[in-house]
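Heads up, the thing below is written out as structure tokens.
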Amino acid sequence: MELQFLGHACFLLDDGAYQVLTDPFLTGNPLAAANTEEVEADFILVTHGHSDHVGDAAAISRRTDAPICCTVDLADAVFAPAGLPVQGGNLGGWFSTPFGSVKIVPALHGSGVPGCLSCGFLLEMGGKKIYHAGDTALISDMALLAEENIDVALLPIGDFYTMGPADALRAVKMIRPKLTIPMHYNTFPAIVQDPDAFAASVQAAGFQARVLRPGESLSV
Ligand code: NI
Ligand code: MN
């Protein structure tokens with residue numbers, strides 16, 4: 001499994017056969033490490049309707065024919081009416097895809113679209129279990145994820161819109177992932193954080209963390 005950070009909450013997950021893109025906010029993101037015209041995707045996962053998460057999902061889906069995976073409410077409200085291929089599920093449920101299984105998990109955050117909920121994703125892909133938290137506050141539901149034996153947790157640390165570094169560290173202690181990668185920081189002045197200090201705090205607590213600079217990849 002290759003995992004590339006493209007900035008903000010956007011990752012490209014590649015198991016050698018499929019490429020899964022998350023929250024593709026590239027246009028207008030000063031730290032984006034890819035562009036909408038070139039990034040590859042077989043599937044696009046969108047956690048909620050805020051513009052820094054929907055981003056370029058529609059344009060990339062149109063170019064690549066990648067289905068957009070999100071809650072069924074967001075699919076019905078935003079993507080299906082635009083004629084885009086969608087795969088909708090809902091909180092607590094797994095759905096199957098050619099690359100593996102995806103579970104939509106709770107996140108506590110506004111959705112940006114009336115009637116819709118924000119979510120995170122648990123992915124089984126390439127023999128690994130990856131948790132993309134989306135935008136979220138610290139929630140005690142995260143403790144349930146400890147039983148999932150998560151290999152990689154992608155957690156927001158920006159504060160202001162989501163949990164900050166201190167709560168993200170509390171999340172790590174509940175989730176107990178093998179590796180934590182911070183996201184959703186430094187894109188805007190309101191969410192400037194020191195990801196290396198966060199990673200050091202995670203390591204001091206006995207867990208592994210890795211900071212990926214935009215564009216950087218990691219084999220997991
Ligand atoms: Ni948001
Ligand atoms: Mn956000």
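Ligands are counted one by one from 1 in listed order, and the atoms in each one are counted from 1 as well. In this chain, residues are counted from 1 in sequence order. All values derive from a computational prediction rather than experimental measurement.
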Could you tell me whether a side-chain N or O of Glu216 sits under 3.5 Å from a main-chain N or O of Arg213, the two making a donor and an acceptor? yes
Okay, side chain of Asp151, backbone of Ile130: is any donor-acceptor separation there less than 3.5 Å? no
Rounded distance (nearest 0.5 Å) linking atom CG of Asp196 with atom OG of Ser201: 11.0 Å
Sub-3.5 Å donor-acceptor pair from the side chain of Glu2 to the main-chain atoms of Leu12, do we have one? no
Where do Asp23 and His8 land on the side-chain hydrogen bond (donor to acceptor under 3.5 Å, both in side chains) test, with the steps shown first? CA-CA 8 Å; Asp23 285 353; His8 205 54; over 6 Å; no
Under 4.5 Å between any side-chain heavy atoms of Val172 and Pro177, yes or no? yes
Checking side chain to side chain contact (heavy atoms under 4.5 Å, CB included) for the pair Leu155/Ile175: CA distance, chi angles, key distance, verdict? CA-CA 11 Å; Leu155 301 182; Ile175 299 164; 4.1 Å; yes
Distance, nearest 0.5 Å, that separates CZ of Phe5 from SG of Cys10: 8.5 Å
Output, by chain and residue number, all protein N/O/S atoms separated from the Ni ion (ligand 1) by less than 2.8 Å. His48 NE2, His50 ND1, His109 NE2, Asp135 OD2
Does the side chain of Gln19 come under 3.5 Å of the side chain of Asp14 through a donor N or O and an acceptor N or O? yes
Under 2.8 Å from the Mn ion (ligand 2) - protein N/O/S, by chain and number: Asp52 OD2, His53 NE2, Asp135 OD2, His184 NE2
